[in-house]
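Presented below is the structure to which this report refers.
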Amino acid sequence: MPIVHKGTVVDNKKVGNYFVLTATAADMPKEFKPGNFVAVAIGDERSSLILRRAFSIYQVNDRGVYGGTVDIVISPHGPGTDYLANLKRNDAINLVGPLGKPFSLPKDPVPCVLVGGGYGAAPLFTLAEALTARGCRVDFILGASTQEKLFGMLEARRISTTLTVTTDDGTSGQMGQVTDALPEVIKKSNAAVIYACGPMKMLEAVANVANMHGIVSQTSVEESMACGIGVCMTCVLPIIGDDGITRMLRSCVDGPAFKGDKVRWDQVGKIPSDTWGAPVEGVN
Amino acid sequence: MPIVHKGTVVDNKKVGNYFVLTATAADMPKEFKPGNFVAVAIGDERSSLILRRAFSIYQVNDRGVYGGTVDIVISPHGPGTDYLANLKRNDAINLVGPLGKPFSLPKDPVPCVLVGGGYGAAPLFTLAEALTARGCRVDFILGASTQEKLFGMLEARRISTTLTVTTDDGTSGQMGQVTDALPEVIKKSNAAVIYACGPMKMLEAVANVANMHGIVSQTSVEESMACGIGVCMTCVLPIIGDDGITRMLRSCVDGPAFKGDKVRWDQVGKIPSDTWGAPVEGVN
Amino acid sequence: MKRVPKRTSVDMSIELAKLRLESPVLTASGCAAAGKELDQFIDISTIGAVVTKSVMLEPRSGRATPRMAETPSGMLNGIGLQGPGIDDFIEKDLAWLNQKGAKTIVSIAGNNVEEFGKVADKLRDIPGVIGIEVNISCPNVENRGQVFACDPYAAADVINNVRRNVSASMPLFAKLSPDVTDITEIAKSVVKAGADGLSVINTLLGMVIDTDTLLPRLSGKTGGLSGPAIRPVAVRCVYQIRKALPNIPIIGMGGIRSGRDAVEFFAAGANAVSVGTTVFNDPEACVRVHDEVAQILQDKGLRSLAEIINAAHEELI
Amino acid sequence: MKRVPKRTSVDMSIELAKLRLESPVLTASGCAAAGKELDQFIDISTIGAVVTKSVMLEPRSGRATPRMAETPSGMLNGIGLQGPGIDDFIEKDLAWLNQKGAKTIVSIAGNNVEEFGKVADKLRDIPGVIGIEVNISCPNVENRGQVFACDPYAAADVINNVRRNVSASMPLFAKLSPDVTDITEIAKSVVKAGADGLSVINTLLGMVIDTDTLLPRLSGKTGGLSGPAIRPVAVRCVYQIRKALPNIPIIGMGGIRSGRDAVEFFAAGANAVSVGTTVFNDPEACVRVHDEVAQILQDKGLRSLAEIINAAHEELI
Ligand SMILES: Cc1cc2nc3c(=O)[nH]c(=O)nc-3n(C[C@H](O)[C@H](O)[C@H](O)COP(=O)(O)OP(=O)(O)OC[C@H]3O[C@@H](n4cnc5c(N)ncnc54)[C@H](O)[C@@H]3O)c2cc1C
Ligand SMILES: Cc1cc2nc3c(=O)[nH]c(=O)nc-3n(C[C@H](O)[C@H](O)[C@H](O)COP(=O)(O)OP(=O)(O)OC[C@H]3O[C@@H](n4cnc5c(N)ncnc54)[C@H](O)[C@@H]3O)c2cc1C
Ligand SMILES: Cc1cc2nc3c(=O)[nH]c(=O)nc-3n(C[C@H](O)[C@H](O)[C@H](O)COP(=O)(O)O)c2cc1C
Ligand SMILES: Cc1cc2nc3c(=O)[nH]c(=O)nc-3n(C[C@H](O)[C@H](O)[C@H](O)COP(=O)(O)O)c2cc1C
Ligand code: FES
Ligand code: FES
């Protein structure tokens, strides 16, 4: 069960272009599963920003000196993320979580490739641990536009069989995109599942590669969210159900991870005309 | 000329029920005269509180290690004052000032009584210095509901000929109100002018005592202000002009100090029917 | 631990149309889905009532994303009434609410007057529905037509039709839009047509433009503005309607964030309040607001909420 | 040091009705008095124009205090048009503005249709007045306090009368209220009656209740809501009017705090903008907003403000 926690910032350090913020979080770590996220309030009741911001949970610790804590990775680029990046030790921070469906884990100890784009890597490290604990081989691919925007290279190296790094500008690893490296990694590792988190375009490309190789992908999407808890219907995208019918599902409670072959990638931001309940005339 | 200054908090200490906040203020101290106030923003552009709050300038320093600074006294009791009371050293603070007409000083070195109610004492200390510099005798009366709400006793004692203290509950000084002590102080000091700052009811009572003694009073009023710079017309009260006509004057630019006998005390919060431009039918 | 209202000595129960509710704080339609998700944070059976997301006759996909934009102290939404349709709603959502012991006010919407009636008819004799809120004011309907709530005749037609399709004892609340020249005119019209009470207010029509693309941020271009930003407009609407209709039950809403905010609505004339957008910020808000109101009343030395209702109308008390 | 707009390579000048202004940023009526106080902070002659506080025929005391209440990201005001009357205004305020070289748009108001005409007539042949903004968002004393701007006929009557009392070349702007069911109807009506342009929007009617006394906070009970809170409503109004009247000059306003906010208005269809409530927070706002808009245009690689006006209307560009 998610909780609302009035926490405090334990630490907030700059790492490349990002900030890794540690906050007290009471019982959240106990409830946590890889793939969950938290919704963070931006300021107190004086703030003009009334919507929470969603952040993948990067790490949890339920036995620290501060009791339970969670770590999130912040990419500052707007009013909310800027605010959080500037928080200091002991500042108040209000979190709701853990939220969202966790990643589905394979029943058998099959090889898995984890693909993270930029801060999208954040939820993959606890996932890697869980997979490893099940005996899965884990190979990592981290990509970003440039070196500063890569996240978690050292850690990925530590917990994976292989780590492949790509940057668009070649400042670190191979020049290119994660999907340029993906087929090779799939081949070498004999992957059965691909997990991916990052920009929507990357997820689409990863899902396509997985489909082409006939293997399962789980993509953790990032849709604009107002509530994060499933009550507002802002965070929807077209997902094909087991019955073959496309529905507008909430990424906050039905996701954020969806099977890559179930997302209508080319129709994200639209209502496909065959969607359950779509307007008859096709207007929006 | 007032300026808009993006300053920082140098210090913020609790004194009784109040906080004395010191902020960098660039050239404000050079322009300052006793009786001026500053308008302080509550938070940055993320704040939902968009109006500034007015505070009497308590002290200025134009040669400190931080350059120019101003001190204000904060009585926390609402969202804006609570916010300011919680500011810490190095926090950002945005000030506009110095604002308002300064107190008028007597041309001759006449005895003056300074009456401060609660944090209303704040603007009186620099005034006392200016009066003393002109050779005026200064007697102080400080009053409050209770001891914790008295402000500046030590300082008042230091810069005045006599200090009289009153509290409603008798926790410090005489039990009673400032006006209970005032006639005696007027008599002893042979006062020619009374300066007062504090709650409106106190100002009214002080003005009445002054009138009864046939001496001049200057009362620094506190009306709810939206702009503090004279452009919004929210801070008005009925003031009798030299021509005998009552006008709704802005306390931020025509005051905050007005001659006590020119304020229509019983009509504050109303439009007296003989006001310049009053509605003909007397409706509001 | 799900939050439940604190027990106090203050009587927080209310009379609302033909209803008696233990708490004056309800959810707002579209801001609590059908209660299930919120029940992780608060015990949904302990709040005044769950007002469900407006449901239509058929399933509905809603609008394309982006469906929302944050605004100063508020937000703009253009969900487009995504929902499962009334049959599925009754079968799943209502069944869940009943099993939980929640009090449910079902919000209904329609593309035309007839549809409203059909949806209402489906709710006839369904157990657990304590009231129906008729959303005649959603500005987001994809149908280009004028909003029902902006025309006294269209608004009355809808209420009339719904009234005919429900039992006489079923409390009907008409939900009004503030986007009109005179909201009391619409209020009078729907009351005459058979509404037992009024829900005041729905969102204000607004637009946010993306300064990068220079195009409207929402896929539907305009959307509904909600949150604390609109509170003064909502309080004014409640006040005006209470003045015009001294006895009509009113559910007040629009930007309620705290108990103090709710007290403004009660004083203006609301008999109950709905908390909408604030739930996105604080999933426990409905219970917290209840507790804060009780505390304020206690601090004032009052024994019941009833004592402050209409207090801002000196002529009524 | 008074702040003045930074020089940049971006052409920030605009055409507005028959006017050519060097900056698109004006003050908003009632939020800058007659410019003198702001001239301590910014060089008032360097902004687009000073729109003065609405002036009436006779001196006016305004309403009793309290005249304002702060609201989430906004404020409520009920000043009641305090002012010196048109004669005194011309003699003192306008003389000062002229001496400073400011461009002045005089906002006028009246208790009835005739009064508007009389005030306008007084301004005939007075040098330095580059335009007149007609504040029809005030109550018509002769018609039960009905606001002129809420009725297309009353609004047109006022504009008609003013038009007859000024020279044909004098640009007239009608200032519209958002408190109407269809703002484009009022817009069309006043344009037909002779308005050369529209000022969009005035405040929204609102109320704040003091939770201690349980009574309305303002002496006039209701007041006008302004500030960032109302921006989405204002942008929507500008957008709707631009769509309905593709060529009418529009001064956009309502909650502009930053250059980004102003860009929303330009994209929605405003040819110029007024900054109101924000001036209370930042006395330098008119110049700052100008600078920020110029910077945004420069960052977009654009050479003139004209390139973004109407950009949100795909059909118009
Ligand atoms: C499941 C999930 C996990 C995420 N994990 C991370 C993470 O680990 N690190 C990180 O830096 N960011 C993460 N994000 C994105 C992050 O939530 C947005 O960057 C952030 O909300 C933007 O807020 P802002 O005020 O800085 O920017 P603005 O763009 O100004 O935000 C304005 C509004 O839009 C919403 N919004 C805008 N972009 C997004 C977005 N991409 N996703 C959700 N809401 C959005 C905001 O919540 C806010 O209400 C995640 C998003 C989701 C949905
Ligand atoms: C000239 C002047 C000098 C002042 N000097 C001091 C001082 O030295 N120390 C001190 O603690 N306070 C002083 N005040 C009062 C102080 O400005 C208010 O207490 C403060 O604005 C209240 O803000 P709030 O958010 O805490 O409370 P709220 O009551 O919630 O304020 C809400 C709104 O009302 C306005 N407001 C409410 N009360 C007042 C008031 N009394 N005066 C002006 N605006 C008000 C606020 O500016 C704000 O916009 C002074 C006021 C004036 C006019
Ligand atoms: C995301 C969202 C969805 C909404 N959906 C509905 C709806 O389906 N039916 C309805 O009558 N009102 C709907 N509303 C309006 C709210 O019920 C409420 O009237 C309005 O938001 C004002 O209250 P608030 O400021 O507390 O949110 C919705 C509001 C929001 C923010
Ligand atoms: C204190 C105050 C006084 C105002 N006085 C007038 C006025 O005299 N005439 C007028 O046309 N508008 C008046 N307005 C409305 C503003 O000009 C403007 O239309 C409105 O406030 C919206 O813009 P803003 O959000 O930038 O303030 C006033 C607004 C405020 C806040
Ligand atoms: S963010 Fe509200 S339903 Fe997903
Ligand atoms: S506070 Fe605005 S005129 Fe005085």
Side-chain angles (χ1 to χ4, degrees), chain A residues 1-4 6 27 31 39 41-53 78-80 94 96 99 223-238 245-253 267-284, chain C residues 1-3 27 30-42 53 56 58-75 77-85 142-144 217 219-220 226-229 255 257-258 276-285 288:
Chain A
M1 289 293 231
I3 58 161
V4 181
K6 293 188 180 128
D27 289 337
E31 303 275 333
I42 306 303
D44 59 16
E45 63 288 346
R46 270 190 305 265
S47 173
S48 68
L49 303 172
I50 58 166
L51 300 179
R52 288 172 182 266
R53 270 56 173 171
N94 187 306
V96 173
L99 296 171
E223 272 290 337
S224 196
M225 293 182 178
C227 77
I229 59 170
V231 296
C232 77
M233 314 300 284
T234 62
C235 62
V236 299
L237 72 177
I245 296 175
T246 297
R247 290 182 182 76
M248 299 305 291
L249 293 192
R250 294 163 297 179
S251 55
C252 67
V253 288
Q267 300 283 312
V268 170
K270 299 186 187 137
I271 305 286
S273 55
D274 58 348
T275 306
W276 189 64
V280 183
E281 319 92 322
V283 278
N284 86 48
Chain C
M1 275 292 296
K2 294 184 199 179
R3 189 162 171 176
T27 62
C31 301
K36 196 169 184 173
E37 297 81 3
L38 280 194
D39 192 62
Q40 303 174 98
F41 300 95
I42 58 175
K53 166 104 192 139
M56 302 185 73
E58 306 287 344
R60 234 173 116 100
S61 66
R63 283 242 179 79
T65 55
R67 290 179 169 186
M68 73 103 177
E70 200 178 34
T71 70
S73 295
M75 68 175 282
N77 89 79
I79 307 295
L81 293 175
Q82 176 168 351
E142 288 166 13
N143 178 350
R144 292 264 167 97
R217 183 75 66 95
S219 76
S226 65
R257 186 161 189 172
S258 71
T277 305
T278 293
V279 168
F280 307 162
N281 181 272
D282 175 9
E284 301 176 347
R288 177 177 54 75

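Below, chain A is the first sequence line, B the second, and so on; all start at residue 1.
- Atom CE of Met233(A) and atom OG1 of Thr65(C) lie 12.5 Å apart (nearest 0.5 Å).
- The greatest number of non-hydrogen atom pairs below 4.5 Å with chain A, out of Pro72(C), Pro84(C), Ala69(C), is found for Pro84(C).
- Top candidate by heavy-atom pairs under 4.5 Å with chain A, chosen from Ser73(C), Ser258(C), Cys31(C), is Ser73(C).
- Across all their heavy atoms, Leu51(A) and Glu70(C) have their closest contact at N-OE2, 2.9 Å.
- Most heavy-atom pairs under 4.5 Å with chain C: of the set Arg247(A), Glu45(A), Lys270(A), this distinction falls to Glu45(A).
- In terms of heavy atoms, Met68(C) sits closest to Ser224(A) at CE-OG, 3.4 Å.
- Using a 4.5 Å heavy-atom cutoff, the side chains of Pro228(C) and Ile50(A) are in contact.
- Listed for the Glu284(C) side chain is no donor-acceptor partner under 3.5 Å among the backbone atoms of Val4(A).
- Heavy atoms closer than 4.5 Å to chain A are found nowhere in Lys36(C), neither backbone nor side chain.
- Contacts between Arg46(A) and chain C at a heavy-atom distance below 4.5 Å are absent for every atom of the residue.
- Scanning both residues, Phe280(C) and Cys227(A), for their nearest heavy atoms gives CD2-CB, 3.6 Å.
- Minimum heavy-atom separation, Ala41(A) to Asn281(C): CB-ND2, 4.5 Å.
- Interface remark: Gln40(C) contributes backbone and side-chain atoms alike to the contact with chain A (heavy atom separation under 4.5 Å).
- Proximity to chain A is limited to the backbone of Thr71(C), based on heavy atoms less than 4.5 angstrom apart.
- For Thr234(A), the parts sitting under 4.5 Å from any heavy atom of chain C are the backbone and the side chain alike.
- For Val236(A), the parts lying under 4.5 angstrom from a heavy atom of chain C are both the backbone and the side chain.
- For chain A, the option among Gly74(C), Gly30(C), Pro66(C) with the highest count of heavy-atom pairs below 4.5 Å is Gly74(C).
- When heavy atoms are compared at a cutoff of 4.5 Å, Thr246(A) does not approach chain C at all.
- Between Ser61(C) and Pro279(A) the shortest heavy-atom distance is OG-CD, 3.5 Å.
- Of the charged side-chain nitrogens involved, none lies within less than 4.0 Å of a carboxylate oxygen, so that Arg67(C) and Glu223(A) do not count as a salt-bridged pair.
- Put simply, the residue from Val231(A), Ile3(A), Ile229(A) that forms a side chain to side chain contact (heavy atoms under 4.5 Å, CB included) with Pro283(C) is Ile229(A).
- Rounded to the nearest 0.5 angstrom, Glu37(C) CD and Cys252(A) SG are separated by 8.0 Å.
- Heavy-atom minimum distance, Met1(A) versus Lys2(C): CE-CE, 4.3 Å.
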